[in-house]
Amino acid sequence: MQYKILKRSILVILIIGICTPIVSAQKKKTTKWNARKYEAHIGLGLTNFMGDICSPRKTDAFVWVVPFKTTGYTADAMLKYNLGGRHYVGSSVFMGYMAARETIQKQTKYYYRDGIAFKSFFTEISARYEFQIIRERRRRTIYRQLGETRLKNTTFPSYIFAGAGGIFNIGNIYWNDAKGLERFSKGYMNIAPVVMGGLGTKLRIDRNTYIGVEAGWRVALSDGIDNCNGNKPYDESKPWTKHHYGKWIDQYQFVTVSLVVSMREKRNHMPNFRTIRR
């Protein structure tokens, strides 16, 4: 599974790398230097962890999501640039808290239940490419003068995105016995490459301000975010490995809600932050 995802990830990254300069070269020479080409995003959201903790014995038997035991929170900041038309590139810093836990329940027939839990803070830095599938349509004020409502003039520009980056997380793993008493805990650190994809949309509040919503999937090309690495042999000093967890790479979904502000670019094509309130 890891090898297949790695091949697909490399393919996605290559496509982004090839398409970006081509699209950039096609930009019109008449583009104004003070056009609003940049967007700043600041948002909050939720993330759901998918790893060895809370994983089923057979991945084809049950959906691999346990929302109330694997949900964390996030904050992110992103800067995007419009290459022209429907094409955007961006970079982001994604920070937050993720956790997962296994409770002692009579479900060992279906799930690994060993009283294991992990808690971790993480930072993710990434770059990505976006393609607008629904373009924004800005209608003139005369439409309102003709009696059309604000709702009729509302559009939801939407896009798909793909990208790659890296995640660094530091956390603790806990192991409890059958009575729920903590028997072992350990701190750890992990660094892993990440690939991502998802969907987004935004609602215009005024000429240069939006509320944005994104949902997507991130795949870490490692099995170390929760420190339950099924690729390593069993170690008696690490009781959480006694069930020989599967050789799955870690994944996490996310949903974020952001404040989006468009900005002009300077003559040197850098973002002009002074235009945020204009």
Side-chain angles (χ1 to χ4, degrees), residues 5 8-28 31-32 35-47 74-96 123-138 154-167 193-205 207-221 251-265 269-273 275-276:
I5 293 180
R8 293 173 183 171
S9 304
I10 294 173
L11 179 61
V12 170
I13 295 171
L14 286 175
I15 292 173
I16 295 172
I18 293 171
C19 291
T20 299
I22 293 174
V23 173
S24 181
Q26 292 176 345
K27 291 174 62 179
K28 295 181 180 179
T31 301
K32 294 181 179 180
R36 291 187 176 269
K37 307 286 286 184
Y38 283 94
E39 286 185 356
H41 293 234
I42 299 178
L44 298 173
L46 298 175
T47 183
T74 65
D76 70 290
M78 179 165 51
L79 186 65
K80 297 197 299 188
Y81 182 74
N82 180 216
L83 292 173
R86 299 173 180 263
H87 307 278
Y88 288 77
V89 291
S91 59
S92 66
V93 178
F94 194 80
M95 305 177 70
T123 299
E124 175 199 288
I125 300 175
S126 61
R128 67 185 196 173
Y129 164 76
E130 291 181 11
F131 178 78
Q132 268 198 341
I133 52 178
I134 300 177
R135 301 187 68 172
E136 181 178 9
R137 293 188 177 93
R138 291 177 177 254
T154 299
T155 60
F156 291 90
S158 303
Y159 53 89
I160 57 175
F161 65 88
I167 183 174
V194 172
V195 293
M196 70 183 72
L199 300 168
T201 188
K202 57 186 181 181
L203 171 65
R204 184 157 63 98
I205 304 302
R207 182 180 178 184
N208 302 309
T209 309
Y210 304 80
I211 295 296
V213 180
E214 284 190 357
W217 203 290
R218 283 168 160 84
V219 177
L221 303 181
Q251 306 169 49
Y252 48 107
Q253 304 94 10
F254 63 94
V255 176
T256 58
V257 178
S258 304
L259 175 66
V260 183
V261 180
S262 61
M263 301 176 292
R264 293 191 181 99
E265 63 180 17
H269 303 295
M270 297 301 290
N272 188 349
F273 291 97
T275 63
I276 289 181

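This one's a predicted model, so the numbers in the text were calculated from it and none came from an experiment.
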Check ion pair E214-R128 (N to O, under 4.0 angstrom): yes
Separation of L83 CG from E130 CD (nearest 0.5 Å): 10.5 Å
Carboxylate-amine/guanidinium proximity below 4.0 Å for K202 and E39: yes
Heavy-atom pair of closest approach, residues Q253 and W217: NE2-CH2, 3.3 Å
Donor on one side chain, acceptor on other, T74 and T47, under 3.5 Å: no
Distance (rounded to the nearest 0.5 Å) between R86 CZ and Q132 CD: 7.5 Å
Shortest non-hydrogen separation from A215 to V255 and the atoms involved: CB-CG2, 4.2 Å
Side-chain heavy atoms of L79 within contact of M263, under 4.5 Å: yes
Reported OH-to-OH distance for the pair Y88 and Y81, which is rounded to 0.5 angstrom: 11.0 Å
Inter-residue atom distance N208.CG - S262.OG, 0.5 Å rounding: 3.5 Å
Worked verdict on I160 versus Y129 for side chain to side chain contact (heavy atoms under 4.5 Å, CB included): CA-CA 9 Å; I160 57 175; Y129 164 76; over 6 Å; no
Atom pair OG1/CD1 of T123 and I167 - distance to nearest 0.5 Å: 8.5 Å
Considering all heavy atoms, the nearest G212-V260 contact: N-CG2, 4.0 Å
Pi-cation contact, Y159 with K80 (under 6.0 Å, within 45°): yes
Reference residue S258; test side chain to side chain contact (heavy atoms under 4.5 Å, CB included); the match among D76, V213, I211: D76
Heavy-atom pair with the smallest gap, counting every atom of T201 and P157: OG1-O, 3.2 Å
Heavy-atom closest contact (L199 atom, F161 atom, distance): N-CE2, 3.6 Å
Heavy-atom donor-acceptor pair, S126 side chain to E124 backbone, under 3.5 Å: no
Parallel, tilted or perpendicular, as decided by the 30° and 60° cut-offs, for the rings of F254 and F94: perpendicular
Flag if over 12 foreign heavy atoms under 6.0 Å of CD1, I42: no
